[in-house]
Amino acid sequence: MPELPEVETIARGVHERVRGDCIRQVWLGTHAEPFKTPPAQLAEGLEGRAILAVHRTGKHIVCELGPWGNAGSNGKGVVRQSQEPSAQWIVHLGMTGRLLVTFPDAPLAAHTHARLSLASGRELRFVDPRRFGRLEFRDLDRDPAFSAPGADPLHIESSEFVALFRGRKLTIKGALLNQSLLAGVGNIYADESLFRAGLRPRRMAGRLTKAELERLRKALLEVLEHAIRLGGSSVSDYVDADGVRGFFQLEHCVYLRTGQPCRRCQTPIRRMVVAGRGTHYCPQCQR
DNA sequence: ATATGGCCCTGGTTGC
DNA sequence: TGCAACCAGGGCCATA
């Protein structure tokens with residue numbers, strides 16, 4: 001499932017490949033997933049826009065789009081990059097979503113819901129078998145720019161991190177997964193950061209000491225940065241914008257390692273359900 | 001206000 | 001061996 005490191009990897013890849021390109025034509029399948037934006041409005045909004053930049057916010061990919069109508073184009077669809085965005089295309093990959101940069105004659109994957117043909121001759125494709133992904137269009141003349149409700153775990157400061165969990169009557173695992181507290185942490189990195197911090201997933205968030213929370217913040221930061229360096233975790237069918245798998249799944253200490261020996265103490269990894277999610281931990285290392 | 005559980009989906013796994 | 005039932009899981013929404 002794409003979480004912060006996977007979404008960051010995809011956003012960077014898409015940014016490098018399509019920045020300055022222009023959206024010529026939009027095709028949406030019968031299952032085009034509207035995330036507040038109906039398909040017709042989505043297609044109309046995207047067509048003719050320049051792609052100024054692509055970046056990540058939480059688990060969302062945000063495409064900053066230039067003014068409608070090729071303004072600033074040099075005729076090859078290449079656009080000046082200093083323009084202020086006039087619109088945004090927001091992509092959430094859900095569980096199984098992919099955002100791919102391909103050539104038009106590349107084989108069409110099953111469950112391709114959107115194809116954006118670009119002025120450069122390439123295509124941006126949104127593929128999502130399970131259809132938990134969402135696409136949204138925002139016209140910045142009318143709509144507010146997209147922002148995540150939660151803090152970014154890569155940049156949050158120590159005191160701010162500690163304050164997030166104060167008085168919370170839910171498990172630390174549940175708190176980590178709550179996107180309105182921290183934006184971008186999903187099941188893999190919740191489990192992996194709790195292992196690295198030595199904390200049981202069922203501990204109550206509001207009862208953790210300052211020192212424990214500081215350990216957790218550092219563990220989370222380290223695990224996310226490490227995963228980004230390795231191109232994310234490919235556990236189900238995650239691939240980057242070029243269709244290439246990540247390598248961080250090889251570094252997992254607990255996630256999907258039920259019954260296997262802990263890398264630190266050899267105790268078999270256990271699985272339980274916390275906050276409605278499969279949760280993996282070492283009964284020896286995590287207290 | 002805050003926390004919990006059901007729901008949406010399909011593909012992979014499990015069980016007979 | 002083949003098929004069907006089961007289940008994962010992010011975010012949204014209704015409910016407590």
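First the proteins, then the strands, lettered A, B, ... as listed; each starts at 1. Values below: all heavy atoms of this structure, side chains included; hydrogens, waters and symmetry mates excluded. Predicted model, so just to flag it, every value in this text is computed and none were measured.
- For the OP1/OP2 pair of C:dG11 and a distance below 4.0 Å, the side-chain nitrogens and oxygens of A:K59 include at least one atom meeting the criterion.
- At whole-Å resolution of the value, CZ in A:R166 and P in B:dT2 are 14 Å apart.
- Using a 4.0 Å cut-off, no side-chain N or O of A:H111 falls inside it from OP1 or OP2 of B:dT10.
- In the helix from B:dT2-C:dA16 to B:dC16-C:dG2, the end axes, each obtained as the rotation axis mapping the C1' atoms of four pairs onto the next four within a five-pair block, lie 50° apart to the nearest 10 degrees.
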Ignoring hydrogens and angles, write down the donor-acceptor pairs under 3.5 Å from the side chains of residues 188-199 of chain A, residues two or more places apart or on other chains.
| residue | atom | partner | partner atom | Å |
| --- | --- | --- | --- | --- |
| A:Y189 | OH | A:E6 | OE2 | 2.6 |
| A:Y189 | OH | A:S233 | OG | 2.7 |
| A:D191 | OD1 | A:K173 | NZ | 2.5 |
| A:D191 | OD2 | A:H280 | N | 2.8 |
| A:D191 | OD2 | A:H280 | ND1 | 2.8 |
| A:E192 | OE1 | A:R196 | NH1 | 2.5 |
| A:E192 | OE1 | A:C253 | N | 2.8 |
| A:E192 | OE2 | A:C253 | N | 3.2 |
| A:E192 | OE2 | A:V254 | N | 3.0 |
| A:E192 | OE2 | A:Y255 | N | 2.8 |
| A:S193 | OG | A:Y189 | O | 2.7 |
| A:S193 | OG | A:A190 | O | 3.1 |
| A:R196 | NH1 | A:E192 | O | 3.3 |
| A:R196 | NH2 | A:E251 | O | 3.3 |

Protein-nucleotides 3-6 of chain B N/O pairs under 3.5 Å:
| residue | atom | partner | partner atom | Å |
| --- | --- | --- | --- | --- |
| B:dA3 | OP1 | A:K169 | N | 3.0 |
| B:dA3 | OP2 | A:R168 | NH1 | 3.3 |

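- At the heavy-atom level, A:Y255 lies under 4.0 Å from the strands shown only through sugar-phosphate atoms.
- We find that CG of A:L93 is positioned 16 Å from C1' of B:dC9, with the value rounded to whole Å.
- Looking only at atom types and distance, the side chain of A:E136 has no donor-acceptor partner in the side chain of A:H92 under 3.5 Å away.
- Looking at heavy-atom distances under 4.0 Å, A:E3 makes no contact with the nucleic acid at all.
- In this structure, a donor-acceptor pair under 3.5 Å is absent between the side chains of A:S120 and A:R17.
- Residue-level contact check: A:G186 touches neither bases nor backbone, having no heavy atom under 4.0 Å from any strand.
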